[in-house]
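The structure appears below as structure tokens.
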Amino acid sequence: MHGEQWERPPTSTVDESGTGGVLAGAPVTVRPLGSADWPALWPMLRDMGVTDEPPEAHQARYLYLLADPRWVILGAESGGDLLGYAAVQDHGPHLRGGDEHRTARLHDLYVRPELRRGGVGRSLLAAVREWAAIRVRHLEWQAHHKWAAPFYERLGYRGDPCPQPHYPTFQIHFDPPS
């Protein structure tokens with residue numbers, strides 16, 4: 001699915017004045033990111049929280065994951081402006097059950113703060129679902145109970161308690177292919 005794009009209904013983007021304002025009606029495209037997207041992605045990764053490694057180490061890991069077919073890093077953009085990203089990993093077939101229990105994990109879903117509540121996160125999650133639905137039986141992720149879980153709950157998902165009490169686990173179960 002590398003190279004595919006998903007068009008989303010018009011939502012929002014940054015206005016031309018550079019003030020961080022949001023314009024309604026601008027189309028958002030979700031597509032797999034590539035190596036050229038690194039400069040726009042790096043500030044988002046830093047804002048999400050990264051280790052103390054030098055930026056070059058993070059960039060090398062990004063390039064490594066881009067080349068791994070089990071991973072997809074999707075970006076939401078409008079007018080060439082990167083608005084957010086999602087990183088998903090297909091864990092591959094289960095040792096005993098093959099693809100019957102194949103699971104993907106949503107590691108990150110990030111939208112620039114000034115664009116939140118404008119539909120960008122919803123577009124990213126929809127593209128993640130589309131990507132996962134044709135590969136795996138289960139999509140799972142954890143979200144901080146205060147900062148991220150309310151977003152998923154507004155979309156109708158419910159998290160289950162897990163050993164990390166502040167990070168409920170969310171899951172989507174897909175029907176087997178017919």
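No hydrogens, no waters, no symmetry mates; every other heavy atom, side chains included, goes into these values.
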What about V136 and L95, same hydrophobic cluster or not, with Ile/Leu/Val/Met/Phe/Trp/Tyr joined at side-chain heavy-atom distances under 4.5 Å? no
Shortest non-hydrogen pair, W38 vs P55, comes out as CZ2-O, 3.9 Å
Specify the closest pair of heavy atoms between P32 and V72, including all atoms of both residues, with the distance to one decimal. CB-CG2, 4.4 Å
Any P113 side-chain heavy atom under 4.5 Å of D47 side chain: yes
Nearest 0.5 Å, please: how far is OG in S123 from CD in E77? 12.0 Å
Drop me the distance from L82's CG to W42's CH2, to the nearest 0.5 angstrom. 14.5 Å
Does any part of the side chain of R102, heavy atoms only, come nearer than 4.5 Å to the side chain of H138, both counted from C-beta? no
Side chains of T51 and H58 in contact at under 4.5 Å (non-hydrogen atoms): yes
Ring center gap for F170 and Y152 short of 6.0 angstrom: yes
Within this structure, what is the CG-CG distance for the pair L45 and D108, rounded to the nearest 0.5 Å? 7.0 Å
Between S35 and L66 the two heavy atoms that sit nearest each other are N-CD1, 3.5 Å
Between H173 and Q171, do the side chains contain an N or O donor and an N or O acceptor separated by less than 3.5 Å? yes
When you measure from the side chain of Y167 to the backbone of P161, do you find a donor-acceptor pair of N or O atoms at a distance under 3.5 Å? no
Of all heavy-atom pairs linking P39 and P43, the shortest is O-CD, 3.2 Å
Over 12 foreign heavy atoms within 6.0 Å of CZ, R96: no
Take D37 and R31 through the salt bridge (Lys or Arg N to Asp or Glu O under 4.0 Å) test and state the conclusion after the steps. CA-CA 11 Å; D37 295 302; R31 65 170 176 82; 2.7 Å; yes
Does W147 belong to the same Ile/Leu/Val/Met/Phe/Trp/Tyr cluster as M44, with side-chain heavy atoms less than 4.5 Å apart forming each link? no
Carboxylate-amine/guanidinium contact D99 R137, below 4.0 Å: no
Close side-chain approach of L83 to S78, heavy-atom, < 4.5 Å: yes
Which residue is it: V128, L33, L125, L109? I am looking for the one with a side-chain contact (heavy atoms from CB on, under 4.5 Å) to L74. V128
Any side-chain to backbone donor/acceptor pair from T103 onto H101? Under 3.5 Å, distance only. yes
Pair D81 + R112: basic N to acidic O under 4.0 Å: yes
Would you please say whether a donor-acceptor pair under 3.5 Å links the side chains of Q89 and H107? yes
Quick check for you: to the nearest 0.5 Å, what is the distance between R129 atom CZ and L106 atom CG? 12.0 Å
Write down the atom of G75, the atom of L124, and the distance for their closest heavy-atom approach. C-CD2, 4.1 Å
Within the 4.5 Å heavy-atom criterion, are V88 and W131 side-chain neighbours or not? yes
Quick check: do P168 and Q142 have side-chain heavy atoms less than 4.5 Å from each other? no
Side chains of L41 and Y85: closer than 4.5 Å at any heavy-atom pair? yes
Heavy-atom check, side chain of R70 versus side chain of H91, under 4.5 Å: no
Under 6.0 Å from the CZ atom of R46, do we count more than 12 heavy atoms belonging to anything else shown? yes
Ring centres of Y157 and W141 under 6.0 Å apart? yes
So with a 6.0 Å cut-off around CZ of R117, is the heavy-atom count from everything else above 12? no
Y110 six-ring centre to R116 NZ/CZ under 6.0 Å and within 45° of normal: yes
Where do A87 and W71 come nearest, in terms of heavy atoms and distance? CB-CZ3, 4.1 Å
